[in-house]
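Notes for the one structure printed next.
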Amino acid sequence: MIEGSGLLSRLLLWLDVRVQQNPHYISVGQFLEEAQLPDEDPSVLAFELEQRDFVKVLRNWGGPPEVHLTDAGRAAIHRMKKLRLDRAARLRYTMDTFHRWLFDTSADQKPVTPELFLTTYAAYFAGSEITETELDEALAHLTQYELVEYLDTEPVTVAITAQGASCALTLGSVQDHINQPRTGTTYNNYLPNAKGVIIGEQQHFTQNNTDGIDPTLFVQLAGYVGQMSSTLNLSEPDRDWSASPRTSTPKRPPRVPSRAACASSPPR
């Protein structure tokens, strides 16, 4: 995204100001002179904006290229002006950019003065400078999640941690690293001489025993009992029970006739 490129976003906003004075083609070399960036190539910057369809380039043979804003370029400028007021977006960008800058600057985990970051091209979001307050807030989050650590030096310095280096190597954002699921605590339960114990929840469960008992024989036995029940003169409910064992409901005791019923009933 254009807002993440400090130099290109600054150039685009600079063109927005200059186009008010000159609605025609504008020299990119003039921007580099005002920004005091003599080492940058104006042709490369112009062509990068052209690839994004933000400008049209007038190629001057022997001179710096001149550019003219397109409708897509004006739309990008409008979006950047709104985005640079988004505090959450600025903080995310500062965290990501400083973290990556620190990794590139001190790959051997040497301490670095964090304020040096503010002098780089990367210290711009959507064309506006990252402030010291925003950098301090980003550092607070990075140290909280142990990606960066403060060192007791004068002046104060910071260094990337092993976890911070691992985060940088994934090429993801700091927020992605923070939000990734963490492995829960593993609890080991020791139950001496316990058999037939199942702990937890499983979708598929296999239990092994070393007692020399094959549980499939019990299943076969239940089937044989069901087949033999017809030859044992069992009642239908008992036959069903033998075919598929289930918990039986105890029979109710016979009802005892009341005294009045006994008195009114003739003897037999």
Side-chain angles (χ1 to χ4, degrees), residues 1-107 112 114-135 138 168-176:
M1 302 295 288
I2 187 66
E3 61 271 10
S5 176
L7 193 55
L8 291 180
S9 61
R10 290 169 60 189
L11 173 56
L12 202 57
L13 290 173
W14 179 85
L15 290 173
D16 181 52
V17 175
R18 288 296 180 270
V19 77
Q20 309 300 327
Q21 306 168 0
N22 179 16
H24 304 292
Y25 284 86
I26 304 170
S27 173
V28 177
Q30 186 179 351
F31 163 75
L32 296 178
E33 291 178 6
E34 294 181 9
Q36 298 181 357
L37 300 172
D39 297 332
E40 294 295 330
D41 188 338
S43 298
V44 173
L45 297 178
F47 295 151
E48 287 186 6
L49 289 181
E50 186 180 44
Q51 286 182 343
R52 292 171 168 83
D53 196 30
F54 292 157
V55 299
K56 291 182 179 179
V57 177
L58 178 63
R59 289 164 173 79
N60 296 325
W61 300 108
E66 296 182 349
V67 297
H68 177 70
L69 275 176
T70 63
D71 291 340
R74 293 185 179 90
I77 291 170
H78 177 74
R79 187 176 62 84
M80 281 198 303
K81 288 181 178 179
K82 294 178 60 178
L83 188 59
R84 63 184 180 179
L85 301 177
D86 187 333
R87 182 172 176 272
R90 293 180 68 90
L91 179 57
R92 288 193 299 269
Y93 172 82
T94 306
M95 291 169 59
D96 289 337
T97 310
F98 177 84
H99 173 253
R100 184 55 186 267
W101 172 82
L102 183 61
F103 175 77
D104 293 338
T105 303
S106 59
V112 176
E115 285 76 16
L116 292 176
F117 167 75
L118 299 177
T119 64
T120 66
Y121 296 156
Y124 286 84
F125 175 69
S128 66
E129 291 182 277
I130 299 298
T131 65
E132 290 187 15
T133 301
E134 291 172 328
L135 178 58
L169 291 173
T170 64
L171 302 180
S173 68
V174 170
Q175 202 64 37
D176 290 340

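- A salt bridge links Asp16 with Lys81: at least one charged nitrogen is closer than 4.0 Å to a carboxylate oxygen.
- In terms of heavy-atom proximity, Ala72 sits nearest to Asp53 at CB-O, 3.2 Å.
- Screening Arg90, Arg92, Arg84 against Glu134 for a salt bridge (charged side-chain N to carboxylate O under 4.0 Å, His left out) leaves a single residue, Arg90.
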Requested in this report: Take Leu118 and Glu132 through the test side chain to side chain contact (heavy atoms under 4.5 Å, CB included) and record every step on the way to the result.
Outcome: CA-CA 8 Å; Leu118 299 177; Glu132 290 187 15; 3.5 Å; yes

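- Thr119 places a side-chain N or O within donor-acceptor distance of the main-chain N or O of Leu116, the cut-off being under 3.5 Å.
- In this structure, Gln30 places its CD atom where more than 12 heavy-atom neighbours from other residues, nucleotides or ligands lie under 6.0 Å away.
- Between Arg100 and Asp104 there is a salt bridge, since at least one side-chain N of the basic residue sits less than 4.0 Å from a carboxylate O of the acidic one.
- Between Tyr25 and Val55 there is no side-chain heavy-atom pair separated by less than 4.5 Å.
- None of Leu49, Leu12, Leu15 except one satisfies the side chain to side chain contact (heavy atoms under 4.5 Å, CB included) rule with Val67; the exception is Leu15.
- Between the side chain of Asp71 and the main chain of Arg74, no donor-acceptor pair closer than 3.5 Å is present.
- With sequence neighbours excluded, the residues forming a salt bridge (Lys or Arg N to Asp or Glu O under 4.0 Å) with Arg18 are Glu34, listed by chain and number.
- Under the salt bridge (Lys or Arg N to Asp or Glu O under 4.0 Å) criterion, Arg52 pairs with no residue, sequence neighbours left out.
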Decide yes or no on side chain to side chain contact (heavy atoms under 4.5 Å, CB included) for Trp14 and Leu11, but give the supporting numbers first. CA-CA 5 Å; Trp14 179 85; Leu11 173 56; 4.0 Å; yes

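- A side-chain donor-acceptor contact under 3.5 Å links Thr70 to the backbone of Phe54.
- Salt-bridge check for Glu50 with Lys56: failed, with every basic side-chain N at 4.0 Å or more from each acidic carboxylate O.
- Seen from the ring of Tyr124, Arg10 counts as a face-on cation partner, given the 6.0 Å and 45° thresholds.
- Applying the side-chain hydrogen bond (donor to acceptor under 3.5 Å, both in side chains) test to pairs two or more places apart or on separate chains, those with a residue in residues 37-47 are Glu40-Tyr121.
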Pair Thr94-Phe125, side chain to side chain contact (heavy atoms under 4.5 Å, CB included): steps then yes or no: CA-CA 8 Å; Thr94 306; Phe125 175 69; 6.0 Å; no

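- The shortest side-chain heavy-atom distance between His99 and Met95 does not fall under the 4.5 Å cut-off.
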For Ile2 and Met80, what are the C-alpha separation, side-chain angles and deciding distance, and is it a side chain to side chain contact (heavy atoms under 4.5 Å, CB included)? CA-CA 8 Å; Ile2 187 66; Met80 281 198 303; 3.9 Å; yes

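- Counting only heavy atoms from C-beta outward, the side chains of Val28 and Pro64 never approach each other to under 4.5 Å.
- Closest non-hydrogen pair, Val57 versus Ala46, comes out as CG2-O, 3.7 Å.
- Ile77 places a side-chain heavy atom less than 4.5 Å from the side chain of Leu69.
- The backbone N or O of Gly6 lies less than 3.5 Å from a partner atom in the side chain of Ser9, making a donor-acceptor pair.
- A donor-acceptor contact shorter than 3.5 Å links the side chain of Thr120 to the backbone of Phe117.
- When all heavy atoms of Val112 and Ser106 are compared, the closest pair comes out as CG2-CB, 3.7 Å.
- Using modelled atom types, no side-chain atom of Asp96 and backbone atom of Ser173 make a donor-acceptor pair closer than 3.5 Å.
- A donor-acceptor pair is defined here as one N or O able to donate and one able to accept, closer than 3.5 Å; no such pair exists between the side chain of His24 and the backbone of Val19.
- The backbone N or O of Ala123 lies less than 3.5 Å from no partner atom in the side chain of Tyr93, so there is not a single donor-acceptor pair.
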